[in-house]
Amino acid sequence: MDFATLVPFLVGVITGGLVLGFVYAIIALGYTMVYGVLQLINFAHSEVFVTGAVVGFEVFRVLAPVEMNGYLKLLIALVAAMTISGLLNVMIERLAYRPLRNSPRLVPLITAIGVSLILQDVLRVIEGFQGRFDLTYTLPAGFSAPFCGPQSTCAPVGEFLTRIGMGLQLKDVILITVSLLSLAVLNYIVNRTRLGKAIRAVAQDRVTAGLMGIDANRMISATFLIGGALGGISGVLFGMKFGTINAYSGFIPGVTAFTAAVLGGIGSIPGAVLGGLLLGVLEKLIGVTNVFGELLGIANLGVIDDSYSKLGAFIALVLILIFKPTGLLGKSNVEKV
């Protein structure tokens, strides 16, 4: 590859990184919301996310032979995944975390890891009974076609995007659109509604919020419901993007999304989004290091391929935590005596 083709190539890599970053951002929001209220790292969120992906797979599988608009199928899949994942997250909070709320912090953390392992095996058993382990998404017709393809009225737009290296599939545009809508709705709920105000009050001071008439348990359940619904959305989007999932597919994206939440500032909604986008772009850039090695004449860089894509993310995390422990957009907690 020469320098003349490098710019469109890099634009394409960064575009792919941003698409992936939106998936990480939506998952990271589930971590950051729960932490913001309970100061708890809900490691079971990665399995809640996978549950949403499995629900989406089942909806697409059942509706595949049905003559129905593809966007309606997607809407049904998203609503089903949001409902199941949200309720599952509420049940996890009620059964596993609430009884341990006043315990030392290490206890609910270990419980979260245990719940994560239990959910992995439950999903594996459920799909195993049906003879399925690796679930391959069957998307509605056209979802994998180029965005603004040659037969569409916006073909010139698609040709232009392809020429500058931003060629996208329709499912990528859907993923970005659904992610942005989810972020907008979440921002409205948290900052513009009475529910959001109550959640923020509980996050700031649970005891004082209770004295003001706010039911802390209900607000915490609402937080888990919203976080689980976001996990369901991200699960469907992840399945659409990568095509194949199984009961263990949540571990790596879950760890990466948790890293994104910490990188941006755990407890900060904008921080989770920023962290997710940064990690998505870094992951894609590390995956094409061999191209930079070819351009610079450094042959040894050719050994760094996609399998090293997570390297940059965690190096960035370590550096950020060394120089800014609260994350990019996190704030220090000041305790007044």
Side-chain angles (χ1 to χ4, degrees), residues 16-35 41-57 77-78 81-82 84-86 88-89 92 112-113 115-117 119-121 123-124 127 133-137 171-172 174-176 178-179 182-183 227-264 266 271-287 306-317:
L18 290 174
V19 173
L20 179 61
F22 274 112
V23 177
Y24 290 153
I26 298 296
I27 303 173
L29 286 171
Y31 285 106
T32 207
M33 284 197 67
V34 170
Y35 183 86
I41 304 299
N42 180 20
F43 280 116
H45 186 68
S46 57
E47 275 56 59
V48 173
F49 145 76
V50 170
T51 300
V54 171
V55 171
F57 162 81
L78 287 172
M82 288 171 62
I84 300 299
S85 295
L88 174 62
N89 217 26
I92 291 171
I113 296 173
V115 171
S116 173
L117 296 175
L119 289 177
Q120 282 183 5
D121 286 336
L123 286 172
R124 186 174 62 128
E127 292 300 327
F133 295 96
D134 289 317
L135 313 178
T136 303
Y137 266 61
K171 64 181 180 181
D172 294 328
I174 292 172
L175 187 153
I176 294 172
V178 172
S179 298
S182 301
L183 294 173
L230 289 169
I233 292 173
S234 59
V236 175
L237 297 179
F238 182 87
M240 289 176 54
K241 174 65 179 173
F242 294 99
T244 302
I245 59 159
N246 57 45
Y248 303 105
S249 294
F251 178 72
I252 296 299
V255 170
T256 306
F258 171 65
T259 304
V262 176
L263 179 64
I266 190 74
V273 177
L274 177 61
L277 295 178
L278 285 177
L279 289 194
V281 172
L282 277 173
E283 183 172 323
K284 288 295 184 180
L285 287 174
I286 292 293
D306 287 344
S307 62
Y308 292 89
S309 60
K310 303 294 182 187
L311 180 65
F314 291 99
I315 290 177
L317 175 66

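Basis for what follows: all heavy atoms, side chains included, without hydrogens, waters or symmetry-related copies. Residue numbers count from 1 along this sequence.
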After noting the C-alpha distance and the side-chain angles of I176 and L18, does the key distance pass the side-chain contact (heavy atoms from CB on, under 4.5 Å) rule?
-> CA-CA 9 Å; I176 294 172; L18 290 174; over 6 Å; no
Report the C-alpha separation of D121 and L117 in whole Å, then their side-chain angles, then the decisive distance to 0.1 Å, and conclude whether the side-chain contact (heavy atoms from CB on, under 4.5 Å) test is met.
-> CA-CA 6 Å; D121 286 336; L117 296 175; 5.6 Å; no
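In this structure, S85 and V48 approach most closely via the heavy-atom pair OG-O, 3.2 Å. Across all non-hydrogen atoms, the minimal contact from V236 to G56 is CG2-CA, 4.0 Å. Residue I266 comes nearest to T32 through the heavy atom pair C-OG1, 3.6 Å, listed as atom of the first residue, atom of the second, then distance. Closest non-hydrogen pair, A81 versus G52, comes out as CB-O, 3.5 Å. Taking every heavy atom of both residues into account, A261 and Y31 meet most closely at CB-CB, 4.5 Å. The two atoms that bring G235 and A53 nearest to each other are O-CB, 3.3 Å, heavy atoms only.
Here side chain to side chain donor-acceptor pair (under 3.5 Å) pairs that include residues 231-244, with residues two or more places apart or in two chains, are D172-K241.
Here the straight-line distance linking atom OG1 of T256 with atom CG of L282 works out to 11.5 Å at 0.5 Å rounding. Note that OG1 of T259 is 12.5 Å distant from CG of L278, once rounded to the nearest 0.5 Å. A distance of 6.0 Å separates CD1 in I41 from OH in Y35, rounded to the nearest 0.5 Å. How far CG of N42 is from CE of M33: 12.0 Å, rounded to the nearest 0.5 Å. With rounding to the nearest 0.5 angstrom, the CG atom of L119 is 5.0 Å from the CD1 atom of I92. Atoms CG and CZ, from D134 and F57 in turn, are 10.0 Å apart once rounded to the nearest 0.5 Å.
The shortest distance between side-chain heavy atoms of K284 and L20 falls below 4.5 Å. Residues I26 and V178 fail the side-chain proximity criterion, which asks for heavy atoms closer than 4.5 Å. Inter-residue side-chain proximity for Y137 and I245 is flagged as met; some heavy-atom pair is nearer than 4.5 Å.
With sequence neighbours excluded, no residue satisfies ring-ring contact (aromatic ring centres under 6.0 Å, His included) with Y248. F49 meets the ring-ring contact (aromatic ring centres under 6.0 Å, His included) test with F238; sequence neighbours excluded. Applying the side-chain hydrogen bond (donor to acceptor under 3.5 Å, both in side chains) rule to S182 yields no partners; only residues at least two apart in sequence or on another chain are considered. For F43, the ring-ring contact (aromatic ring centres under 6.0 Å, His included) partners at least two apart in sequence or on another chain are F258. For S249, the side-chain hydrogen bond (donor to acceptor under 3.5 Å, both in side chains) partners at least two apart in sequence or on another chain are N246.
Counting only distance, with no hydrogens or angles, the side chain of S116 and the backbone of A112 share no donor-acceptor pair below 3.5 Å. Under a 3.5 Å cut-off, the side chain of H45 and the backbone N or O of I27 do form a donor-acceptor pair.
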